[in-house]
Amino acid sequence: MHQAISNYKAFMKIIGAIILITGIAMLVPLVYALAAGDTKDAQAFIRVAPASILLGLILTLGFKSTNAKFRIRDGYLVVALCWVAASLIGAFPYYYSEFTNDFIDAFFESTSGFTTTGCTAVKDGVLSHSLLLWKALSHWLGAMGILIFVLSILPALGINGQFIAKAEAPGPIFEKMAVRLSDSTKILYITYIVLTLLEFLLLVASPKVDAFDALVNSLGSISTGGLLVHTDGVAHYNSFYVEFVISIFCILSSVNFMLYHYLRSGKISKVFRDTELRLFLSLIGAGIVICTVVLMTVNDAKFTSAFRDSFFQVISMSTTTGYVRSPYTLWPTTCQLVLFTLMLIGGCSASTSGSIKVIRFAVMIKMILRGTYKHVHPRSVVPIRINDSIVPPKVVSGMSEFILTYLAILLFSSIVVSIQGLDFDTTVSTVLAMLSNTGAAFGITLSAGNFAAYSAGLKLYLCLLMYIGRLEIFTILVMFTRHFWNKKR
């Protein structure tokens, strides 16, 4: 009983910290709305931000330090609750500003923000600058994981956050950069902030990008959220420099953040030998070449335009950012299949990107090759190696389970979403857009990432898919099992 009470207090403190951070973040678009004279949006943020900050302080400071040690179930549960809490609080500005007509659309908008999916469910809806800034900030907070930030302050709250880290970490293996978990999270966020500031400075240096656009694009690409500042996407700037900067930082944020720690530590050779990084860049390179050649041969496009379109769109999809430069839904089928495949694979582990992750794809390929070899040499023992190290069988099994579960959810959810009665391309790519947190799909939804065509019930289901994709599937799925709710676990 004592353990249950302690964990309850810890839950309240952590959820309070999440609500507090969300409320403080709202002060930025609030100040902007006041400065811009946007009365309606300012009033919306005034109604939500102070109340969120007050509630967060009450929950965080109202419970005494517990020194609670979380169990596995506690870690999964608190992660899921915190993400839902952030999405619920974050939905009110969209609702009170009357950007959305009902709260479900507002919740969808907020969920797509915090999960870095970057799509919308409001028909012909155009975000005001204040709401655009809020969604960009929610991208930025959600990408690295709000709880990853909270982990750095958990020791001060008297809470052991190791199980929370395992449930939150974006990849098959959570590797600490420092002895203390809180120090590891601080290193992650310092790297994250530095990359954001660097991209902002490079973008604002362009005469075609003002400070506001530079800020929103920086927050959107570092988080791989892909938020559209203008309805015509990145093509609005008509600048290869801007497209190149955004593309490079999409890649940098989709790389395993452990590699930046290696760079800081002088272990440069480990970076260049990293199997996942090399495969990730190879997939991007192959995708660009294929799409460029196909656009030139099928669409009779010039090399410069074909390469420019392919370069940006392939990087956008492979990093699950979902930015749009050209109408890729009108591209030849070969190009669309390449983009679909890259969306499915995603970026690297321990990065801000979504989907299956390259490291799991690499292990899957090695498993196929090993299976082929063992058919010829059945008595041989062939371990799977990544970066010259043997991958433990337990990890290989976990990766296999993840991939199979991911594909099963993709198939099952496609059947569920098909109830709406839309075409095949739209249905399947909608599910992948949610599950991979890319937010861009094919078919009727087009490349604008607008899913207003779906009913209220299916919009909530799409929100569930966003959470499943962002939290690496099992964090959500385990809560639907009977064993999870066993009090002894």
Side-chain angles (χ1 to χ4, degrees), residues 15-60 82-143 146 210-213 215-220 223 225-231 439 448-452 456 459-460 462-463 466-467:
I15 293 175
I18 294 296
I19 295 174
L20 177 61
I21 292 171
T22 305
I24 293 174
M26 287 184 189
L27 295 178
V28 178
L30 169 59
V31 172
Y32 182 89
L34 290 172
D38 193 341
T39 306
K40 184 178 291 186
D41 286 352
Q43 290 177 347
F45 284 110
I46 288 174
R47 294 177 68 178
V48 184
S52 300
I53 293 173
L54 179 60
L55 177 60
L57 287 173
I58 291 174
L59 292 176
T60 305
C82 285
W83 276 85
V84 173
S87 298
L88 284 172
I89 297 296
F92 283 103
Y94 301 110
Y95 183 68
Y96 286 141
S97 64
E98 298 180 1
F99 172 71
T100 60
N101 296 323
D102 58 71
F103 192 76
I104 290 180
D105 284 348
F107 182 70
F108 185 98
E109 201 77 27
S110 180
T111 302
S112 76
F114 282 105
T115 59
T116 72
T117 310
C119 52
T120 185
V122 180
K123 186 176 181 180
D124 300 325
V126 178
L127 288 167
S128 65
H129 272 38
S130 303
L131 292 178
L132 197 63
L133 182 57
W134 169 234
K135 193 165 186 177
L137 284 169
S138 64
H139 276 338
W140 194 85
L141 287 172
I146 308 174
D210 58 27
F212 179 84
D213 281 25
L215 177 60
V216 172
N217 280 315
S218 297
L219 296 174
S223 64
L227 183 61
L228 296 177
V229 183
H230 303 280
T231 55
N450 192 306
F451 299 88
K459 287 176 184 176
L460 290 177
L462 295 181
C463 287
M466 291 186 223
Y467 288 130

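Basis for what follows: all heavy atoms, side chains included, without hydrogens, waters or symmetry-related copies.
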Sequence neighbours excluded - salt bridge (charged side-chain N to carboxylate O under 4.0 Å, His left out) pairs with any residue from residues 82-94: none

Inter- and intrachain pairs under salt bridge (charged side-chain N to carboxylate O under 4.0 Å, His left out), touching residues 125-140, at least two apart: E109-K135

Could you check, using the six-membered ring where one of them is a Trp, whether F103 and F92 have ring centers closer than 6.0 angstrom? yes

Tell me every residue that passes side-chain hydrogen bond (donor to acceptor under 3.5 Å, both in side chains) with S128, counting only those two or more places apart in sequence or in another chain. D41

Residue set satisfying side chain to side chain contact (heavy atoms under 4.5 Å, CB included) with T115, at least two apart, ordered chain then number -> W83, T111, T117, N437, M466, Y467, R470

State the CG-CG distance between L219 and L227, to the nearest 0.5 angstrom. 9.0 Å

Straight-line distance of L141 CG to T116 OG1, nearest 0.5 Å: 12.0 Å

Which residues pass the salt bridge (charged side-chain N to carboxylate O under 4.0 Å, His left out) test with K123, not counting sequence neighbours? none

If the condition is side chain to side chain contact (heavy atoms under 4.5 Å, CB included), which residues does I58 pass it with, not counting sequence neighbours? L54

Once side-chain hydrogen bond (donor to acceptor under 3.5 Å, both in side chains) is applied, what residue pairs with a partner in residues 27-39 remain, sequence neighbours excluded? none

If I take atom CG from residue L133 and atom CG from residue L30, how far apart are they, to the nearest 0.5 angstrom? 11.0 Å

Give every residue pair that meets the salt bridge (charged side-chain N to carboxylate O under 4.0 Å, His left out) criterion with at least one member in residues 18-28, sequence neighbours excluded. none

Side chain to side chain contact (heavy atoms under 4.5 Å, CB included) partners of L59, counting only residues at least two apart: M12, I19, L55, F63

With sequence neighbours left out, write down each residue that passes ring-ring contact (aromatic ring centres under 6.0 Å, His included) with F99, or none if nothing qualifies. none

Quick one: salt bridge (charged side-chain N to carboxylate O under 4.0 Å, His left out) pairs with a partner in residues 87-106, sequence neighbours left out? K40-E98, D105-K459

In terms of ring plane angle, is the pair F45 and W134 parallel, tilted or perpendicular, where the classes change at 30° and 60°? perpendicular

Closest heavy-atom pair, F114 versus A86, reported as atoms and distance to 0.1 Å, is CE1-O, 3.3 Å

Checking L57 now: which residues fulfil side chain to side chain contact (heavy atoms under 4.5 Å, CB included) with it, not counting sequence neighbours? L20, I53, L61

Calculate, to the nearest 0.5 Å, the distance between atoms CG and CD belonging to L34 and Q43 respectively. 10.0 Å

